[in-house]
4 protein chains.
Amino acid sequence: VKALEPRNPSYEAEVRASFAAQAMMTELGVEIGDVVPGKVTLSMPFNARFTQQHGFLHGGVTIACADTACGFAALSLMPPDAGVLTVECKSSMLSPGRGERFRFTGEVIKPGRTLVFTEGRAWAVSGQETRLIATISATMMVIEGREDVRG
Amino acid sequence: VKALEPRNPSYEAEVRASFAAQAMMTELGVEIGDVVPGKVTLSMPFNARFTQQHGFLHGGVTIACADTACGFAALSLMPPDAGVLTVECKSSMLSPGRGERFRFTGEVIKPGRTLVFTEGRAWAVSGQETRLIATISATMMVIEGREDVRG
Amino acid sequence: VKALEPRNPSYEAEVRASFAAQAMMTELGVEIGDVVPGKVTLSMPFNARFTQQHGFLHGGVTIACADTACGFAALSLMPPDAGVLTVECKSSMLSPGRGERFRFTGEVIKPGRTLVFTEGRAWAVSGQETRLIATISATMMVIEGREDVRG
Amino acid sequence: VKALEPRNPSYEAEVRASFAAQAMMTELGVEIGDVVPGKVTLSMPFNARFTQQHGFLHGGVTIACADTACGFAALSLMPPDAGVLTVECKSSMLSPGRGERFRFTGEVIKPGRTLVFTEGRAWAVSGQETRLIATISATMMVIEGREDVRG
């Protein structure tokens with residue numbers, strides 16, 4: 001993999017501002033960690049409000065956060081004034097969302113002018129144990145200018 | 001498609017009880033509608049707490065609800081004491097989550113002893129207009145007995 | 001679903017010419033059937049050269065043909081001089097490729113300027129029986145001009 | 001990732017025999033390379049018979065070979081007398097199939113009693129250049145006994 005070059009010197013500020021503007025991330029208690037060109041990490045504590053019928057983190061939250069990490073990984077490589085939106089994503093659910101905390105990474109595997117291919121991982125963390133619980137493969141579309149309304 | 005036969009006479013009560021036990025569905029304000037063998041409908045009003053950076057419904061919510069509808073569609077065909085879990089899902093995001101209400105359907109396209117293949121749709125509803133915003137293709141795994149802890 | 005309008009009056013000739021130019025389709029013995037705006041049907045006889053270890057049609061052939069049907073469904077809606085390429089596809093393998101003949105359909109579920117979302121189905125046909133063996137969800141990208149080299 | 005332990009001392013012979021039994025692999029000119037527990041490599045030369053309309057390797061071949069590599073990666077971890085079949089796969093097509101040779105890897109990312117999650121990569125090789133052209137995420141199902149007819 002070639003080193004990924006940001007095209008916006010303010011890429012990190014851009015990513016953090018866009019993250020802060022997602023009400024859902026606040027609602028879920030997600031925090032943004034490292035932001036490097038082409039790679040973003042998110043994390044959240046377990047939250048009983050967002051569980052499925054067995055009391056584990058809902059798989060939909062896992063996918064939402066992994067997809068969001070992938071979207072911000074793509075955004076970190078955009079030129080100023082360009083945004084991204086998810087075209088599609090596929091997630092494999094390897095293990096239940098059982099943990100004290102959850103960590104999500106998104107990574108660009110191929111940037112392009114129109115499309116950005118990404119991959120992500122979700123881990124459950126309990127004490128010293130870290131377990132891979134899901135993988136994601138997501139395609140992002142580049143949106144130029146102010147009309148990036150699709151999100 | 002052959003007519004799908006429930007193997008649990010209480011399939012509808014089972015699905016509604018399992019839905020009620022998902023804290024996340026309550027949190028999102030999702031309601032369960034029709035439950036027929038192999039097909040389930042969910043709906044939710046727009047909720048500004050679960051939006052992305054442009055103020056539309058977060059794509060992760062769309063996927064979570066469509067996947068959940070697919071899971072309950074599969075559950076409606078299970079024998080008593082069997083549960084289901086999502087193995088993987090792929091979602092295509094056709095359009096932004098702009099609407100007053102959202103509707104999600106999940107449908108079994110091939111039931112099996114071990115795996116159940118499903119498909120779902122998500123629509124945004126605004127006044128008289130209904131717009132398809134996402135499709136989902138999800139595989140569910142049958143979990144026998146009480147150890148269906150994976151969810 | 002709104003009726004889909006072709007933007008090229010010669011859409012059918014265009015699709016058939018592009019199909020004829022795919023060496024692999026000839027090699028597999030695939031024939032093109034109906035071509036209507038946004039929907040294309042392909043079919044092929046069982047061929048022992050393209051089998052897996054149990055003597056059934058290789059799943060890769062099923063996916064290749066279903067994806068190709070989806071690509072031509074998208075191409076049928078393109079303006080003159082525009083082509084399409086597959087961005088990604090996801091296929092669920094419902095049943096083995098056991099049959100005398102196979103039929104594949106591809107259908108556009110949302111056309112767009114840059115991306116075209118499609119879905120496809122694969123069936124095995126034996127005597128009077130027709131069995132759904134796979135589904136596909138594929139995203140196509142529109143390629144303008146002569147540089148549609150990506151295929 | 002934990003080291004993956006084979007449960008069949010003859011895993012390599014098993015994988016090579018199953019590969020040799022896939023007529024389609026012979027037809028495509030695919031050769032099997034390294035076989036280690038949980039990871040398999042395949043390769044093939046460019047072949048004009050299996051091209052799309054621009055003369056590049058057909059994307060369906062890329063997917064078929066990547067999926068096959070994933071299936072054999074899963075098979076390498078099976079106990080004696082167990083087989084695997086592809087439940088579903090999703091492939092992202094990063095780049096056209098332009099190259100003199102192609103290499104495919106399949107890798108198990110989570111083995112299980114019933115399901116095995118895998119990931120794969122496809123590369124085009126031209127002279128000294130190696131380019132990633134596709135990624136795959138595939139779920140395999142374990143088939144016990146002699147009835148592994150689904151393939």
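Order of the sequence lines fixes the chain letters, A, B, ..., with proteins taken first and strands second; residue numbering starts at 1 for each chain.
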Quiz prompt | Residue, of B:Ala20, B:Ala134, B:Cys65, B:Ala21, that accumulates the most heavy atom pairs under 4.5 Å with chain A | solution = B:Ala21
Quiz item: How long is the span from the CD atom in B:Glu27 to the NE2 atom in A:His58, to the nearest 0.5 Å?
Solution: 12.0 Å
Practice problem: Would you name the heavy atoms of B:Met24 and A:Val61 that are closest together and state the gap between them? | Solution: SD-CG2, 3.4 Å
Quiz item: Taking the side chain as C-beta and beyond, is there a heavy-atom pair between A:Cys89 and B:Ile63 under 4.5 Å?
Solution: yes
Self-check item: Interatomic spacing from CD in A:Glu88 to CD1 in B:Ile136 - rounded to 0.5 Å
Solution: 12.0 Å
Self-check item: B:Ala48, part contacting chain A, at a heavy-atom distance under 4.5 Å
Solution: backbone
Quiz item: How long is the gap from CE on B:Met93 to CG on A:Asp67, to the nearest 0.5 Å?
Solution: 7.0 Å
Quiz item: So which part of A:Thr135 gets closer than 4.5 Å to some heavy atom of chain B, the side chain, the backbone, both or neither?
Solution: neither
Quiz prompt | Atom pair CD (A:Gln53) and CE (B:Met25), whose distance is rounded to the nearest 0.5 Å | solution = 10.0 Å
Quiz item: With side chains defined as the heavy atoms from C-beta onward, is the minimum distance between A:Thr26 and B:Arg49 less than 4.5 Å?
Solution: no
Exercise. Give, as side chain, backbone, both or neither, the part of B:Thr62 having an atom under 4.5 angstrom from any heavy atom of chain A.
Key: neither
Exercise. For the residue pair B:Gln52 and A:Gln22, confirm or rule out a side-chain donor-acceptor distance under 3.5 Å.
Key: no
Quiz prompt | Leading residue by heavy atom contact count with chain B [cutoff under 4.5 Å; candidates A:Gly60, A:Ser137, A:Ser92, A:Ser91] | solution = A:Ser91
